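Shown next, in structure tokens, is the structure this report addresses.
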Amino acid sequence: MLPQSFYLRDDVVAVSRDLLGKVLCTDIDGRRTSMVITETEAYAGVTDKASHAYGDRRTRRTEPMYGPGGTAYVYLCYGIHHLFNVVTNASGIPHAILVRAGEPYSGLPTMLERRGKPRADRSLLAGPGSVARALGITTSLTGSSLLGGPIRIEDHGLRVEAACISAGPRVGVDYAGEDAGRPYRFRLESDAWVSSALSTDSSS
DNA sequence: CGAATGATATACT
DNA sequence: GTATATCATTCGA
């Protein structure tokens, strides 16, 4: 599995890019599931207006983000969706990476069962809420370590070419001013298993 | 395109 | 301590 030094780097965007192609494994409910990470989004804490930690807002909720790199930050959004984030950087710096999409790697039947799907389709692991649900990740796992806990990230030797990585600004960050142009989102272009919810802005 | 859904943050008594 | 607005989304019409 990835060493803690992988997460402790101070460039959350670089870590975010490096997470592509890594395998996210969970041992939950006595069953093991895993997927290849195909889409991530960096949240540069204090700098990012979309982050819960923007403006250095430290609360009980965001506490895991202030922990050391290699910590899981899971949070319930819209009352239904569990969003899984990887905390990076040293303690006290609330950087995190949201895993937005993945490709099934192992434990497919379990993932299908959790998602209530008869067979795999693109939507199985497309979107942060779907990813967490398929892997069985819930908010009870927030603050747990990625270095030996029920959630782990491993390097299975999958090589990702830089040319296959699409980096772009996140959607809906017009208000972020100079931060709007920052490539916070990364995904594997050549992969069919990326999130389809890329068109957040519906200005037609 | 619009509703669902519940914990958290913030403000107020 | 109680109340209301907010939300890094998803699914169904």
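Small disclaimer: the values here were computed from a predicted structure and weren't measured. The sequence lines fix the lettering, A, B, ..., with proteins before strands; numbering per chain opens at 1.
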- prompt: Just by distance, do the side chain of S123(A) and the backbone of A126(A) share a donor-acceptor pair under 3.5 Å?
  reply: no
query: Counting just side-chain N and O atoms, does R57(A) come under 4.0 Å of either OP1 or OP2 of dT10(B)?
result: yes
message: Expressed as a whole number of angstroms, how long is the span from L83(A):CG to dT6(C):P?
response: 20 Å
Spacing of E63(A) atom CD relative to dT8(B) atom P, expressed in whole Å: 14 Å
query: Okay, side chain of E41(A), backbone of Y184(A): is any donor-acceptor separation there less than 3.5 Å?
result: no
message: Using whole Å, what does the distance between atom P of nucleotide dA8(C) and atom CZ of F186(A) come to?
response: 20 Å
- request: Report yes if at least one side-chain N or O of R60(A) is closer than 4.0 Å to OP1 or OP2 of dA9(B); otherwise report no.
  value: no
statement: Among the nucleotides dT10(C), dA7(B), dA8(C), whichever has the atom closest to the side chain of L76(A) is dA7(B)
task: Is it possible for you to say whether L147(A) and F6(A) belong to one hydrophobic cluster, with membership spreading through side-chain heavy-atom contacts below 4.5 Å?
output: yes
query: Between atom CZ in R100(A) and atom C1' in dT9(C), what is the gap in whole Å?
result: 9 Å
- request: Remember a base hit wins even if backbone is also touched, and classify Y54(A) as base, sugar-phosphate or nothing at under 4.0 Å, heavy atoms.
  value: nothing
field: Atom-to-atom span, CG of L124(A) to P of dT10(C) - whole angstrom
entry: 13 Å
- prompt: Given dT10(C), dT5(B), dA8(C), which nucleotide is nearest the side-chain atoms of N85(A)?
  reply: dA8(C)
task: State whether the side chain of S144(A) and the backbone N or O of L141(A) hold a donor-acceptor pair below 3.5 Å, judged by distance alone.
output: yes
field: For atom CG of L98(A) and atom P of dT10(C), their distance in whole Å
entry: 9 Å
query: Does S34(A) reach the main-chain N or O of V23(A) with its side chain, forming a donor-acceptor pair under 3.5 Å?
result: no
Interatomic distance where NZ belongs to K49(A) and C1' belongs to dC7(C) [whole Å]: 17 Å
- prompt: What is the pairing partner of dT4(C), taking Watson-Crick or G-U wobble pairs with both distances under 3.5 Å in any strand?
  reply: dA9(B)
query: What does T139(A) touch in the nucleic acid at a heavy-atom separation under 4.0 angstrom: a base, only the sugar-phosphate, or nothing?
result: nothing
query: In terms of side-chain heavy atoms of I80(A), which of dA7(B), dA4(B), dT10(C) is nearest?
result: dA4(B)
- prompt: Just wondering, do Y78(A) and dC7(C) stack (centres under 5.5 Å, planes under 30°)?
  reply: yes
- line: Here the distance between atom P of dC7(C) and atom OH of Y43(A), to the nearest Å, is 12 Å
- prompt: What is the nucleic acid contact for R115(A), judged by heavy atoms within less than 4.0 Å: base, sugar-phosphate only, or nothing?
  reply: sugar-phosphate
